[in-house]
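Read the structure below first, then the notes.
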There are 2 protein chains.
Amino acid sequence: MAGQRERARQAYIADITAEARRQLARDGAAGLSLRSVARELGMVSSAVYRYVASRDELLTLLIVEAYGDLADAVEAAIGGDDDGRVHWRSACASVRAWAVAHPHEYALLYGSPVPGYSAPQDTIGPATRLYAALVEPVRHRRGRRRPSTVTSPVLEADAERVAAALGFDVGAPVLLAALGAIASLFGLVSFELFGHTNNVITDHDAFFALRVEALADELGL
Amino acid sequence: MAGQRERARQAYIADITAEARRQLARDGAAGLSLRSVARELGMVSSAVYRYVASRDELLTLLIVEAYGDLADAVEAAIGGDDDGRVHWRSACASVRAWAVAHPHEYALLYGSPVPGYSAPQDTIGPATRLYAALVEPVRHRRGRRRPSTVTSPVLEADAERVAAALGFDVGAPVLLAALGAIASLFGLVSFELFGHTNNVITDHDAFFALRVEALADELGL
DNA sequence: CCACAGGCGAGAGCACTGCTCTTGAAATGT
DNA sequence: ACATTTCAAGAGCAGTGCTCTCGCCTGTGG
């Protein structure tokens, strides 16, 4: 039955995070204040502490939501297609589109880590979903190119553990190449979003497309 | 002669940024407060506003210093060698080593952009030095692999403008590949430093080395 | 060499933040 | 009907960025 008090409590938390998310989208993480969230919700600042332990915890809630949101976007983008390269293109494009549409949320996820945040258990769910979707394309690779072999046994073990967790039967070299490509993808998006290519690249669309193809080449898609 | 008042002024600014840098290295950008800098320097908080207009400007000074520091490290790393691949390895390793040694400075440069910061003119000097050093290895490429051709004329113009500014005679495709590899490099370092590979990679050294080689392959080094 | 404008440090103060504690009311479960 | 728990509210503490005013004092221009 979930006790109606507990339900009211969850509703309050939902209201709080919703308002917090609005402020995050508008002013960025630095401009998010518990007091102004309370003000906007018509309560006094101390009341909101009944529902959220601290500002950092509120940010953590937003991080979890944002991960889920991004994972949703990527999963929706790689719909029915089973061509690895098309998969990869869609996935990359959806990450970039989401980042451009939600710059502050993106910065929260992939910018400087928030001080009091330590990747709680709630985060690894959506995060796993996201990276699973991004790694998915290599399932359909045509294997045109052999990735370099892995020389470190512990790294190979890492890769095999991850592959097993995702239910993938590609080898360690391919999976590590995919993880590397994902890091490259987020590096590319971060460079664009955080302004590191200002005065360098003006046609961001074309540069992004070019790099996505290059990464697809490396992955043998 | 530079007026002894002006010299004293510069010395004060140097003291302030030095103390600010100490606090940045210890507590991170979020924990840097103008008041505590003033306290540590034995002055009252309003006095420091004579030398630094705002907290954001102080952070900007730190950003410029950090860029210079990182550029120094990379330039020192790619010493006399003229083998492109060795160059690239040293450059990548020096970026990663600097990032690990100065995580908060790295986060300041490549994490979420600080709100009131707009890449002032002072930044582009050290930043250009840094990226010039990182692009340098492709000068000595053996050209084993042809990068994909560029289809966007404006992107090609971007690349040629940058190449001209750096005095490079490599073609647009190679320069764009190099810029992409740089973005990949920082994506990789950020992933490691910001904890996105926690519970995934344990042998960060090996993973980094693997990716550096893959990028070198793509660059034809 | 000297007057003085300008740079200077100090202090008070404003508006804001995160967070804690107490108090009294209201809802709850027995 | 009652005891317990949950709650909103308010006051309050310590800290922040930043502004303004007030004298002092010193380097600089005449």
Side-chain angles (χ1 to χ4, degrees), chain A residues 1-17 19-24 26-63 104 108 112-118, chain B residues 1-17 19-24 26-63 104 108 112-118:
Chain A
M1 14 217 123
Q4 86 187 69
R5 214 158 202 170
E6 186 58 25
R7 279 192 293 121
R9 192 183 171 76
Q10 293 304 327
Y12 263 117
I13 294 183
D15 287 352
I16 290 171
T17 57
E19 175 59 29
R21 202 168 178 183
R22 270 197 47 228
Q23 297 196 8
L24 168 67
R26 197 189 33 187
D27 309 321
L32 178 80
S33 104
L34 245 151
R35 281 182 120 113
S36 88
V37 168
R39 226 171 4 242
E40 211 66 27
L41 261 50
M43 31 173 130
V44 85
S45 79
S46 62
V48 64
Y49 278 90
R50 296 237 167 234
Y51 304 98
V52 165
S54 68
R55 201 192 97 112
D56 280 351
E57 188 185 297
L58 181 55
L59 274 179
T60 299
L61 292 177
L62 294 182
I63 289 177
H104 291 126
L108 195 58
S112 326
V114 341
Y117 166 80
S118 58
Chain B
M1 15 219 118
Q4 82 188 74
R5 220 157 201 170
E6 186 58 24
R7 277 191 294 120
R9 188 180 175 78
Q10 293 303 328
Y12 263 117
I13 293 182
D15 287 350
I16 290 171
T17 57
E19 175 59 29
R21 201 165 181 186
R22 270 196 48 229
Q23 297 196 8
L24 169 67
R26 197 189 32 183
D27 308 322
L32 177 77
S33 105
L34 243 150
R35 282 181 119 112
S36 88
V37 168
R39 225 168 8 238
E40 210 66 27
L41 260 51
M43 32 173 125
V44 85
S45 79
S46 62
V48 66
Y49 279 90
R50 297 246 168 227
Y51 304 97
V52 164
S54 69
R55 200 193 97 113
D56 279 351
E57 188 184 297
L58 181 55
L59 275 179
T60 299
L61 292 177
L62 295 183
I63 289 177
H104 290 126
L108 195 58
S112 326
V114 342
Y117 166 80
S118 58

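Model, not experiment: these values are computed from the prediction. So you know, we letter chains A, B, ... as the sequences are listed, proteins then strands, and number each from 1.
By the side-chain hydrogen bond (donor to acceptor under 3.5 Å, both in side chains) test, Ser46(B) pairs with no residue at all, sequence neighbours left out.
DNA chain C lies under 4.0 Å from at least one heavy atom of each of the following residues of residues 9-16 of chain B: Arg9(B), Tyr12(B).
The shortest distance between the side-chain N/O atoms of Gln4(B) and the OP1/OP2 oxygens of dT26(D) is not below 4.0 Å.
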For residues 34-43 of chain A, which side-chain donor-acceptor pairs fall under 3.5 Å, sequence neighbours excluded?
{"residue": "Ser36(A)", "atom": "OG", "partner": "Gln23(A)", "partner atom": "OE1", "Å": "2.6"}
{"residue": "Ser36(A)", "atom": "OG", "partner": "Gln23(A)", "partner atom": "NE2", "Å": "3.0"}
{"residue": "Ser36(A)", "atom": "OG", "partner": "Ser33(A)", "partner atom": "O", "Å": "3.3"}

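The end-to-end axis angle of the helix from dC1(C)-dG30(D) to dA27(C)-dT4(D), rounded to 10 degrees and based on five pairs per end, is 10°.
For the pair Tyr51(B) OH and dG7(C) P, the computed distance is 11 Å after rounding to whole Å. Across the protein-nucleic acid pair, Leu59(B) atom CG and dG17(D) atom C1' stand 12 Å apart, rounded to whole Å. Residue Arg5(B) contributes atom CZ, which lies 5 Å from atom C1' of dG27(D) at whole-angstrom precision. Computed from coordinates, the Glu40(B) CD to dG15(D) P distance equals 14 Å when rounded to whole Å. For the pair Arg50(B) CZ and dC20(D) P, the interatomic distance rounds to 12 Å; values are reported in whole Å. As rounded to whole Å, 14 Å separates atom P of dG15(D) from atom CD of Gln23(B). Atom CG in Asp27(B) sits about 14 Å away from atom P in dG15(D), given to the nearest Å.
The two residues Leu24(B) and Ala29(B) have their closest heavy-atom pair at CD1-N, 3.4 Å. Scanning all heavy atoms of the two residues, the minimum distance from Thr17(B) to Leu62(B) falls at O-CD2, 3.7 Å.
How far CG of Leu32(B) is from CG of Leu59(B): 5.5 Å, rounded to the nearest 0.5 Å.
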### Working for side-chain contact (heavy atoms from CB on, under 4.5 Å), residues Arg7(A) and Gln10(A)
CA-CA 5 Å; Arg7(A) 279 192 293 121; Gln10(A) 293 304 327; 5.7 Å; no

### Audit row: Ile63(A), Val114(A), side-chain contact (heavy atoms from CB on, under 4.5 Å) steps and yes/no
CA-CA 10 Å; Ile63(A) 289 177; Val114(A) 341; 4.2 Å; yes

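Screening residues 32-55 of chain B for ring-ring contact (aromatic ring centres under 6.0 Å, His included) gives Tyr12(B)-Tyr51(B) as the qualifying pairs, with residues at least two apart or on separate chains.
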### Message
Output one letter per nucleotide in nucleotides 12-21 of chain C: B when a protein non-hydrogen atom lies under 4.0 Å from the base, S when only the sugar-phosphate is that close, - when neither is.
### Response
-B---BBBBB

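When atom types are taken as modelled, the side chain of Arg26(B) and the backbone of Arg21(B) share no donor-acceptor pair closer than 3.5 angstrom.
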